[in-house]
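Lettering of chains follows the sequences in order, A, B, ..., and the numbering in each one begins at 1. Remember, predicted model here, so these are calculated numbers, not experimental data.
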Amino acid sequence: MTSFGTADLKKMFDAIAAAIEADKDRLCQLDGVIGDADHGIAMALGFNAARDAVAALDAATVEPATLLNTAAKSFLNAVGASSGPLYATAFMRGAAAVKGKATLAASDVIAMFQAMAQGIKDRGKAEPGEKTMVDAWQPAAEAATAAHGAGKDLAESLGIAFAAAERGAEATKDMIATKGRSSRLGERSLGYIDPGAASAVLVIGAIRSSLAGYHRPR
Amino acid sequence: MTSFGTADLKKMFDAIAAAIEADKDRLCQLDGVIGDADHGIAMALGFNAARDAVAALDAATVEPATLLNTAAKSFLNAVGASSGPLYATAFMRGAAAVKGKATLAASDVIAMFQAMAQGIKDRGKAEPGEKTMVDAWQPAAEAATAAHGAGKDLAESLGIAFAAAERGAEATKDMIATKGRSSRLGERSLGYIDPGAASAVLVIGAIRSSLAGYHRPR
Amino acid sequence: MQTKKIINDGDRAVDEMLEGILAAHSRHLWSVDGSPRSIIARDGPRPGKVGLVIGGGSGHEPTFLGFVGKGLADAAAIGNVFASPPPDPILECIKAVSGGAGVLLMYGNYAGDVMNFDMAAEMAAMDDVEVRTVLTTDDVASAPRDQRQKRRGVAGNFFIFKAAGAACDRMLSFDEVERIARKANNHTFTMGAALSPCSLPQTRRPNFEIGADEMEIGMGIHGEPGIARCALKSADAIADEMLDKILAEMAPSRGDKVAVLVNSLGSTPLMELYIVNRRVKQRLDDIGVSVHATWVGNYCTSLEMAGVSVTLEHLDGELQAMLDHPCDCAMFRAG
Amino acid sequence: MQTKKIINDGDRAVDEMLEGILAAHSRHLWSVDGSPRSIIARDGPRPGKVGLVIGGGSGHEPTFLGFVGKGLADAAAIGNVFASPPPDPILECIKAVSGGAGVLLMYGNYAGDVMNFDMAAEMAAMDDVEVRTVLTTDDVASAPRDQRQKRRGVAGNFFIFKAAGAACDRMLSFDEVERIARKANNHTFTMGAALSPCSLPQTRRPNFEIGADEMEIGMGIHGEPGIARCALKSADAIADEMLDKILAEMAPSRGDKVAVLVNSLGSTPLMELYIVNRRVKQRLDDIGVSVHATWVGNYCTSLEMAGVSVTLEHLDGELQAMLDHPCDCAMFRAG
Ligand SMILES: Nc1ncnc2c1ncn2[C@@H]1O[C@H](COP(=O)(O)OP(=O)(O)O)[C@@H](O)[C@H]1O
Ligand SMILES: Nc1ncnc2c1ncn2[C@@H]1O[C@H](COP(=O)(O)OP(=O)(O)O)[C@@H](O)[C@H]1O
Ligand SMILES: [Mg+2]
Ligand SMILES: [Mg+2]
Ligand SMILES: [Mg+2]
Ligand SMILES: [Mg+2]
């Protein structure tokens with residue numbers, strides 16, 4: 001299939017929520033090391049709320065942009081914290097990028113993906129290298145856009161994006177946090193993966209698996 | 001030697017304080033099971049204070065009764081709790097029993113010992129069988145008086161008293177507390193030695209060892 | 001391994017605490033010269049007023065000395081941790097607050113406290129001060145109903161002292177003060193549950209053993225064993241168990257009023273206490289009993305013990321008036 | 001093994017706590033219809049008065065909602081445990097307290113709170129409510145002196161909110177309220193030390209690891225790592241370490257006045273806090289700084305975390321007047 005509708009995006013949120021729920025404890029533990037140990041809770045709360053909210057929408061009449069805005073609002077109100085505004089902004093920007101479209105072509109998905117990453121960056125005012133989820137989202141978005149521009153199909157492009165996200169998250173180990181709760185740790189934040197970057201990998205992986213039909217080998 | 005002066009009683013308080021200090025933790029643990037875990041602290045505080053107070057007295061001019069009253073007051077003010085009034089009353093009664101005497105004959109020591117046990121009983125209004133220190137003190141005092149009345153010397157008499165105290169303390173295991181902090185336990189106090197009875201054995205053992213020259217084999 | 005405490009020397013902890021308290025609350029409290037364990041209210045004691053002296057062991061802060069002040073207790077005699085004060089500091093308190101109208105001694109019903117306070121009362125009588133005693137016995141878990149006089153005094157002290165202090169502050173006669181104090185005690189019911197032990201500053205050892213998934217119902221505020229061990233229950237189940245026992249004894253009628261105290265035994269945080277209070281209110285609403293006032297927090301603690309107690313005071317017009325009577329203490333204000 | 005908590009359901013803990021709080025404090029507090037996490041003062045908000053909205057994550061009780069009431073904050077927006085509230089409940093608070101003279105948002109300086117409160121402020125601006133923000137940054141351990149704006153807001157909130165609330169209650173202009181709020185923040189310095197972790201109701205797992213004989217200096221009130229691990233020190237040594245850092249920044253002169261807050265991070269009992277206060281007072285006496293007022297107890301907690309924080313507010317005439325200004329909140333009264 002080459003185009004995606006509201007029903008597909010519902011599946012996407014199912015996939016993200018399932019992926020986060022599965023690694024909830026690991027995310028809390030990562031956050032426990034350099035933060036306040038609740039990232040897994042926040043992400044699970046947020047994506048469960050988003051999944052339930054979009055599940056309640058009528059796929060026949062509701063268009064993708066509306067679904068994404070619904071996801072944004074429900075995620076935000078369930079969570080607050082840092083992840084709330086960051087992911088809510090991501091989905092609102094994603095919505096703006098596909099406004100008015102009844103179904104999304106591959107290029108729309110790439111545009112949505114790019115807009116989400118930009119939204120996170122704008123909301124958090126973080127640059128790459130500050131040890132945040134931006135270090136996973138930005139390289140992933142850039143890689144997806146470049147690959148697709150170079151003629152790769154959506155599956156390949158999202159696969160490349162996912163690999164870039166994994167590398168970016170891994171790289172946060174060697175960064176000193178300068179944004180977010182960990183930013184007061186200075187040197188002491190070295191050597192640990194940023195929990196938000198780790199969860200971004202899960203989110204991006206779930207987007208890929210649901211939209212590009214790729215399923216990670218267990 | 002057959003008579004005891006103020007200097008000997010100072011040694012007696014040294015011996016008691018040392019014996020309690022050595023078993024302080026065990027007494028706290030016993031009290032932890034059926035009380036509030038502080039009996040060793042209270043007894044150590046009290047007898048250290050008594051030892052220091054009597055040590056400061058001039059053995060040449062101060063008579064035994066004054067020494068015992070000094071011990072009573074210092075023990076009481078250092079401790080409070082249950083042990084405070086009980087042992088303070090014991091020593092005040094002991095003082096009354098030897099009032100006016102410059103030195104104590106064996107019979108005076110027995111009388112003092114008897115008066116101490118009676119003082120504890122009067123202050124606490126406890127009868128034997130209520131799982132308190134009375135269950136060690138009363139049989140010990142009765143045994144000492146009987147033995148001495150039957151012509152045994154002080155060493156023998158206090159040896160018999162000590163054995164009676166040990167049996168009495170051991171017997172508290174099978175008693176249900178009806179006085180003191182443990183009295184609300186009912187059945188649940190069964191099977192445990194009463195801490196006050198256990199410390200009474202130490203006190204009586206130290207009195208014996210210091211006045212009757214008996215030293216418990218280590 | 002010793003438990004962690006922010007102290008200097010276990011044997012000095014009580015005296016250093018008192019220094020810190022007087023440093024913080026010199027506007028409310030002073031201590032008798034040469035008797036630092038006798039803490040007196042700056043405002044409160046006065047000629048013609050019945051004096052109220054409370055006291056007991058340390059480790060229950062803000063009980064006792066937090067409740068010393070205008071409209072509540074005139075003085076508190078402070079003992080070592082979990083140990084009654086000796087007679088001398090109690091006697092000093094009695095002398096300091098005596099206004100010629102008599103002095104009422106109020107404290108929890110424990111063998112050690114009874115012996116020491118009674119000795120102090122005898123000494124005071126020799127100085128011609130009329131002294132009477134009202135023991136608090138609010139802990140329903142500590143003895144059967146027909147042996148109320150054997151029960152321990154625990155967090156309900158708060159309501160009982162408050163009633164007596166208000167009666168004193170209103171310059172009522174000694175007989176009236178005593179009557180109201182006894183009535184408040186008879187109208188106050190507490191039950192507690194402990195989750196984890198505390199440790200004495202001197203031993204730094206947990207004062208009882210409890211399983212990682214166990215709780216103890218009816219645990220005393222000195223860690224004395226309670227009435228039953230069981231698996232840790234939900235907040236609602238714990239509240240229900242306490243209320244079932246309390247309400248069975250209090251037997252309120254529809255339309256009756258109560259005051260509520262949800263108390264932390266030390267380390268249990270406000271979040272958990274308020275979750276318990278939520279259930280307490282539900283239960284009282286269900287039987288048509290209205291809550292006149294509620295206090296939630298650390299009122300009668302056992303150092304860092306984890307757990308909660310629930311106290312209900314069954315109000316009538318008189319007890320409600322005493323409860324609403326203003327007081328201004330170092331650690332507590334009302335009205 | 002899960003940590004012990006008196007709760008029903010970890011995911012419902014915050015909402016059940018709020019129910020219990022409203023049940024206990026309905027005379028002081030109400031919550032916005034359809035927005036139960038927006039807690040408003042019954043008395044306080046009024047036409048012509050600058051509105052004061054505070055807020056942040058749960059788990060710090062009595063911060064934040066305990067400080068909502070006449071003379072202090074008009075409303076508090078409550079988030080999940082250790083998580084900023086989302087914009088909606090914040091916006092509801094702003095609307096509920098807006099008296100036409102502007103609304104001041106005050107909260108601790110955390111990335112999550114900043115993002116959510118800023119979004120709420122943008123929304124309020126669209127409704128033509130003038131909103132300004134003053135972040136609290138009193139935690140001296142959380143960033144170097146030259147980066148004060150990066151520091152966390154911790155227990156010093158108490159003094160900073162108090163000053164702003166008093167300024168609002170005196171009907172001062174928005175500019176004046178903002179100036180006083182910023183001044184109070186700049187005059188307030190806090191440092192904390194943690195001995196043992198807390199655990200979130202949802203995970204029931206200790207939120208950090210610490211040795212049985214270790215403490216952590218500068219630990220954040222969400223269990224964020226601090227500046228150093230070390231062996232547990234004596235109360236005096238801990239107090240000295242905090243005061244050395246605080247006084248070096250505050251640089252008071254002989255004769256200056258300060259207000260003191262010795263705060264429990266949750267499970268540390270009053271006995272230990274007062275032992276710390278004893279040392280604080282000694283140190284201030286030594287340098288001729290006088291203590292205008294002292295508060296000791298649970299003011300800004302991290303659930304059941306063990307530890308203490310010391311806060312000093314460097315007073316001038318204006319800040320002292322704001323501190324002495326009466327307030328009547330659900331969990332705190334002064335003046
Ligand atoms: N300013 C920011 N920009 C981008 N990401 C951020 C920013 N601040 C925090 N984050 C991300 O948020 C994550 C923490 O999220 P979470 O634990 O849910 O919130 P909180 O820190 O409020 O507990 C961090 O690991 C980081 O990746
Ligand atoms: N009424 C009493 N008569 C005699 N002995 C008593 C009485 N009450 C308590 N005791 C003794 O006191 C002991 C406890 O002493 P201690 O722990 O020092 O005091 P507290 O119970 O106040 O903590 C008990 O083990 C018991 O032997
Ligand atoms: Mg976090
Ligand atoms: Mg004891
Ligand atoms: Mg005791
Ligand atoms: Mg958080």
**Q** Which answer fits A:Leu45, side chain, backbone, both or neither, if we ask what part of it has an atom under 4.5 Å from a heavy atom of chain D?
**A** side chain
**Q** Would you call D:Gln147 and A:Arg184 a side-chain contact if the rule is heavy atoms closer than 4.5 Å?
**A**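 D:Gln147 does not reach A:Arg184 side chain to side chain.
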**Q** Under 4.5 Å, counting heavy-atom pairs only, tell me which of D:Ser142, D:Gly223, D:Gly220 racks up the most with chain A.
**A**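 Going by pairs under 4.5 Å, I would pick D:Ser142.
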**Q** Are side-chain heavy atoms of D:Thr203 and A:Ile41 found at a separation under 4.5 Å?
**A** yes
**Q** Side chain, backbone, both or neither: which part of D:Ala228 has a heavy atom under 4.5 Å from chain A?
**A** backbone
**Q** Can you establish whether the number of heavy atoms outside D:Asp33 located under 6.0 Å from its atom CG is more than 12?
**A**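 No, not enclosed.
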**Q** Rounded to the nearest 0.5 Å, how far apart are CZ of D:Phe208 and CG of A:Asp36?
**A** 12.0 Å
**Q** Side chains of A:Ser182 and D:Glu224, heavy atoms from C-beta outward: is any pair under 4.5 Å?
**A**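 No, too far: nothing below the 4.5 Å cut-off.
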**Q** Is A:Lys73 close to chain D through its backbone or its side chain, or both, or neither, when contacts mean heavy atoms under 4.5 Å?
**A**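 It is the side chain, since no backbone atom gets that close.
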**Q** I'd like to know whether CD of D:Gln149 has more than 12 heavy-atom contacts from other residues, nucleotides or ligands below 6.0 angstrom.
**A** yes
**Q** Answer with side chain, backbone, both or neither: which region of D:Pro225 has an atom nearer than 4.5 Å to a non-hydrogen atom of chain A?
**A**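 Both parts, backbone and side chain.
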**Q** For A:Asp25, is it the side chain, the backbone, both, or neither that has a heavy atom closer than 4.5 Å to a heavy atom of chain D?
**A**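 A:Asp25 touches chain D through backbone and side-chain heavy atoms alike.
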**Q** Could you pull out the closest heavy-atom pair between D:Gly226 and A:Leu185, with the gap in Å?
**A** O-CD2, 4.3 Å
**Q** Report which part of D:Val114 has an atom under 4.5 Å of a heavy atom belonging to chain A: side chain, backbone, both, or neither.
**A**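 It is neither, since no heavy atom gets under 4.5 Å.
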**Q** I'd like to verify something: which residue of D:Arg37, D:Arg152, D:Lys150, D:Arg151 has the highest number of heavy-atom pairs under 4.5 Å with chain A?
**A**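 Looking at each option in turn, the highest pair count goes to D:Arg152.
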**Q** What part of A:Leu76 gets within 4.5 angstrom of chain D, counting heavy atoms only: side chain, backbone, both, or neither?
**A**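 Both the backbone and the side chain of A:Leu76 come within 4.5 Å of chain D.
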**Q** Below 4.5 Å from any heavy atom of chain D, which atoms of A:Arg123 appear? Answer side chain, backbone, both or neither.
**A** both
**Q** Over all heavy atoms of both residues, which pair between D:Met119 and A:Pro85 is shortest? Give the atoms and the distance, please.
**A**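 Smallest heavy-atom distance, with atoms named: SD-CB, 3.7 Å.
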**Q** Donor-acceptor pair, distance only, cut-off 3.5 Å: does the side chain of D:Asn116 make one with the backbone of A:Ala81?
**A** yes
**Q** Using the side chain to side chain contact (heavy atoms under 4.5 Å, CB included) rule, take A:Arg188 and D:Arg229 through it: C-alpha gap first, then chi angles, then the decisive distance, then the call.
**A** CA-CA 12 Å; A:Arg188 291 179 81 192; D:Arg229 279 281 165 111; 4.2 Å; yes
**Q** Flag the one option from A:Gly84, A:Ser189, A:Gly35, A:Gly124 with the top tally of heavy-atom pairs under 4.5 Å to chain D.
**A**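 Between A:Gly84, A:Ser189, A:Gly35, A:Gly124, the count favours A:Gly35.
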**Q** Against chain A, label D:Arg205 side chain, backbone, both or neither, depending on which of its atoms sit under 4.5 Å from a heavy atom there.
**A**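 Just its side chain gets close to chain A.
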**Q** Does any backbone or side-chain atom of A:Ala78 lie under 4.5 Å from a heavy atom of chain D? Answer side chain, backbone, both or neither.
**A**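 It is the backbone, since no side chain atom gets that close.
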**Q** Do you know which of D:Pro85, D:Gly10, D:Pro87 has the most heavy-atom pairs with chain A at a distance under 4.5 angstrom?
**A**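 Top count of heavy-atom pairs under 4.5 Å with chain A: D:Pro87.
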**Q** With rounding to the nearest 0.5 angstrom, report the SG to CG distance, A:Cys28 to D:Asn207.
**A** 10.5 Å
**Q** Please flag which part of D:Ile227 lies under 4.5 Å from any non-hydrogen atom of chain A: side chain, backbone, both or neither.
**A**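 Contact with chain A is through the backbone of D:Ile227 alone.
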**Q** If I compare all heavy atoms of D:Val81 with all of A:Asp38, which pair ends up nearest, and what's the gap?
**A**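 Heavy atoms of D:Val81 and A:Asp38 come nearest at O-OD2, 3.9 Å.
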